[in-house]
Amino acid sequence: MTKKDLTSREDIQRLVETFYGRVRRDDRLGPIFNDVAAVDWDKHIPLLVDFWSTIVFSKPAYKGNPMQVHIDLNKKTPLNGDLFEH
Ligand code: HEM
């Protein structure tokens with residue numbers, strides 16, 4: 001899949017749902033989302049769809065500070081390069 005395959009918000013929605021469907025079942029990433037951050041997925045998925053829509057379509061939908069969110073999260077559990085690679 002390339003950026004050209006993403007033409008609508010629905011495409012982003014499908015991609016984000018598939019990706020995070022795997023993340024939440026992943027042995028290493030799942031517990032960070034489900035236990036450490038205790039993410040409410042019904043709120044988190046639309047937020048991420050907004051985030052990626054903002055980037056892919058250059059249309060402002062997401063307002064937030066993802067860097068700060070991950071800096072705070074990193075204090076609770078280390079988010080190292082190996083985890084990003086994974
Ligand atoms: C190992 C890598 C990563 C882990 C474990 C991780 C984990 C998380 C978790 C647990 C949250 C929810 C935090 C909370 O609500 O308290 C979050 C939020 C978010 N993450 Fe990540 N993340 C990773 C990498 C990334 C990357 C590479 C991106 C995008 C380039 C990204 C984009 C976002 C965004 C946009 C949010 C929402 C921020 C907000 O609340 O406004 N994350 N992440």
Side-chain angles (χ1 to χ4, degrees):
M1 182 181 264
T2 70
K3 195 176 160 191
K4 284 188 186 145
D5 297 319
L6 299 171
T7 59
S8 67
R9 191 180 163 88
E10 286 67 37
D11 291 343
I12 306 259
Q13 175 93 28
R14 203 161 60 244
L15 183 61
V16 165
E17 276 177 3
T18 306
F19 182 83
Y20 283 94
R22 289 177 61 186
V23 165
R24 60 201 290 188
R25 291 193 307 272
D26 184 87
D27 286 350
R28 296 177 67 197
L29 298 173
I32 301 178
F33 284 84
N34 298 320
D35 305 330
V36 179
V39 161
D40 178 346
W41 288 101
D42 290 341
K43 293 200 181 116
H44 198 58
I45 295 290
L47 194 73
L48 291 164
V49 173
D50 281 349
F51 174 77
W52 286 111
S53 299
T54 300
I55 291 170
V56 174
F57 305 130
S58 308
K59 253 207 232 158
Y62 171 81
K63 287 192 190 73
N65 185 347
M67 193 53 101
Q68 192 58 52
V69 171
H70 295 88
I71 288 170
D72 292 344
L73 189 61
N74 185 58
K75 290 176 191 151
K76 296 183 193 160
T77 187
L79 301 179
N80 53 31
D82 178 51
L83 211 51
F84 273 81
E85 191 66 36
H86 175 70

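Remember, it's 1-based here, ligands and their atoms both numbered in the order they're listed.
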Quiz item: How far does CD of Q68 sit from CG of L73, to the nearest 0.5 angstrom?
Solution: 11.5 Å

Quiz item: Distance below 4.0 Å between atom 23 (C) of ligand 1 and any protein heavy atom?
Solution: yes

Quiz prompt | Identity and distance of the protein heavy atom lying nearest atom 34 (C) of ligand 1 | solution = L48 CD2, 3.5 Å

Quiz item: For atom 5 (C) of ligand 1, what is the nearest protein heavy atom, given as residue, atom name and distance?
Solution: L79 CD2, 3.6 Å

Practice problem: Measure the distances from the heavy atoms of H86 to every atom of ligand 1 and state whether one is below 4.0 angstrom. | Solution: no

Practice problem: List the closest protein heavy-atom neighbour of atom 27 (C) of ligand 1: residue, atom name, distance to the nearest 0.1 Å. | Solution: F84 CE2, 3.8 Å

Quiz item: Quick one: CG on L15 to CG on L6, what's the gap to the nearest 0.5 Å?
Solution: 6.0 Å

Quiz item: Closest heavy-atom contact between N74 and P78?
Solution: OD1-CA, 3.4 Å

Practice problem: For the pair F19 and V16, evaluate side-chain contact (heavy atoms from CB on, under 4.5 Å) and give the outcome as yes or no after the intermediate values. | Solution: CA-CA 5 Å; F19 182 83; V16 165; 5.8 Å; no

Quiz item: How many angstroms lie between CG in N65 and NE2 in H70, if you round to the nearest 0.5 Å?
Solution: 10.5 Å

Practice problem: Starting from atom 18 (C) of ligand 1, locate the nearest protein heavy atom and write down its residue, its atom name and how far away it is, to 0.1 Å. | Solution: H44 CE1, 3.5 Å

Self-check item: Straight-line distance of L79 CG to T77 OG1, nearest 0.5 Å
Solution: 6.5 Å

Practice problem: Please check if the side chain of T54 supplies one atom and the backbone of A61 the other of a donor-acceptor pair under 3.5 Å. | Solution: yes

Practice problem: Enumerate the residue pairs fulfilling side chain to side chain donor-acceptor pair (under 3.5 Å) with a member in residues 21-35, sequence neighbours excluded, ordered by first and then second residue. | Solution: D26-H86, R28-D82, N34-W41

Quiz item: Heavy atoms of the protein only: does one fall short of 4.0 Å from atom 15 (O) of ligand 1?
Solution: no

Practice problem: Supply the atom-to-atom distance T7 OG1 to I12 CD1, rounded to the nearest 0.5 angstrom. | Solution: 9.0 Å

Quiz prompt | The one among F51, F33, Y62 that brings a heavy atom closest to atom 39 (C) of ligand 1 | solution = Y62

Quiz item: Among protein heavy atoms, which lies nearest atom 37 (C) of ligand 1, and at what distance?
Solution: L47 CD2, 3.6 Å

Quiz item: Is R9 salt-bridged to D50, cutoff N-O under 4.0 Å?
Solution: yes

Quiz prompt | Chi angles and distances behind the side-chain contact (heavy atoms from CB on, under 4.5 Å) call for Q13, I45 | solution = CA-CA 8 Å; Q13 175 93 28; I45 295 290; 4.0 Å; yes

Quiz item: Under 2.8 Å from atom 21 (Fe) of ligand 1, how many protein N, O or S atoms can be found?
Solution: 1

Practice problem: Would you mind running through ligand 1 and noting each atom that sits below 4.0 Å from a heavy atom of V39? | Solution: 12 (C)

